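Inspection log for the structure reproduced underneath, given as structure tokens.
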Amino acid sequence: QVQLVESGGGLVQAGGSLRLSCAASGRTFSNYAMGWFRQAPGKEREFVSAISWSSGSTYYADSVKGRFTCSRGNAKNTVYLQMNSLKPEDTAVYYCAADSMGRTYSTVNYYYTVSYDYWGQGTQVTVSS
């Protein structure tokens, strides 16, 4: 079984920063892409950012572009999300996800939850004003 584990969430004031980490454990799998999604209470899960494991190309939601940076770690199957200039609107549970099926070969599919087949348990990010 493949497990994705997120860490780094917490409570910060507006304008602060956090770095989220996600690492895979368990059986080896074909990693095409890893991404981040978030879900606020009463809202749908939404795309935040993703990175291609072959090219390193990154993708961002308009709401976080210029503030968040997604990157690959030195260890394989590890991804980070550096979050700067945090706003109260960023408050949500953040989920790490992996595409082991190659669905992100079509680049538009980076933005959709159905493109990813492995998910972490989520980590809470709360931004106070």
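Both backbone and side-chain heavy atoms feed into the values below; hydrogens, waters and symmetry mates do not. Here the structure is a predicted model, which is why all the values come from computation and not from measurement.
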Inset, instruction - Return the set of residues passing side-chain hydrogen bond (donor to acceptor under 3.5 Å, both in side chains) with N31 (not counting sequence neighbours), or none when no residue passes. - result: N77
Inset, instruction - Please name all residues satisfying side-chain hydrogen bond (donor to acceptor under 3.5 Å, both in side chains) with S71, sequence neighbours left out, ordered by chain then number. - result: none
Is there a path of hydrophobic side-chain contacts, each under 4.5 Å between heavy atoms, that joins [X] and [Y]?
| X | Y | answer |
| --- | --- | --- |
| F29 | Y116 | no |
| V2 | V79 | yes |
| F37 | L18 | no |
| V64 | L86 | yes |

Inset, instruction - Among residues two or more places apart or on two chains, list those pairs meeting salt bridge (Lys or Arg N to Asp or Glu O under 4.0 Å) that have a residue in residues 46-59. - result: R38-E46
Inset, instruction - Name all pairs fulfilling the salt bridge (Lys or Arg N to Asp or Glu O under 4.0 Å) condition that reach into residues 99-117, sequence neighbours left out, sorted by first residue then second. - result: none
Legend entry - Residue pairs passing the side chain to side chain donor-acceptor pair (under 3.5 Å) test where at least one lies in residues 118-129, sequence neighbours excluded: E6-Q121, R27-Y118, Q124-T126
Legend entry - Reported CZ-to-OG distance for the pair R67 and S17, which is rounded to 0.5 angstrom: 10.0 Å
Inset, instruction - Rounded to the nearest 0.5 Å, what's the gap from SG on C70 to CE on M34? Could you check? - result: 9.0 Å
Does any non-hydrogen side-chain atom of [Y] lie less than 4.5 Å from one of [X]?
| X | Y | value |
| --- | --- | --- |
| V125 | V127 | yes |
| Q82 | L20 | no |
| I51 | R72 | yes |
| W36 | F47 | no |

Legend entry - Donor-acceptor pair, side chain of S106 and main chain of V108, under 3.5 angstrom: no
Inset, instruction - Mind jotting down which residue pairs meet the disulfide (SG to SG under 2.5 Å) criterion with at least one end in residues 88-129? Sequence neighbours excluded, please. - result: C22-C96
Inset, instruction - Quick one: which residue pairs count as a disulfide (SG to SG under 2.5 Å) with a foot in residues 30-66, not counting sequence neighbours? - result: none
Inset, instruction - Report the residues that fulfil salt bridge (charged side-chain N to carboxylate O under 4.0 Å, His left out) with R19, sequence neighbours left out, ordered by chain and then residue number. - result: none
Legend entry - Sequence-distant partners of K65, salt bridge (charged side-chain N to carboxylate O under 4.0 Å, His left out), two or more places apart: D62
Inset, instruction - May I have all residue pairs that pass ring-ring contact (aromatic ring centres under 6.0 Å, His included) and include part of residues 57-99, sequence neighbours excluded? - result: Y59-Y110
Legend entry - Nearest non-hydrogen partners of S85 and D90, listed with the distance: O-OD2, 4.5 Å
Inset, instruction - Applying side chain to side chain contact (heavy atoms under 4.5 Å, CB included), name anything that partners S54, two or more places apart in sequence or on another chain. - result: S52
Inset, instruction - Identify, with sequence neighbours excluded, every residue that meets ring pair (Phe, Tyr, Trp, His ring centres under 6.0 Å) alongside Y112. - result: none
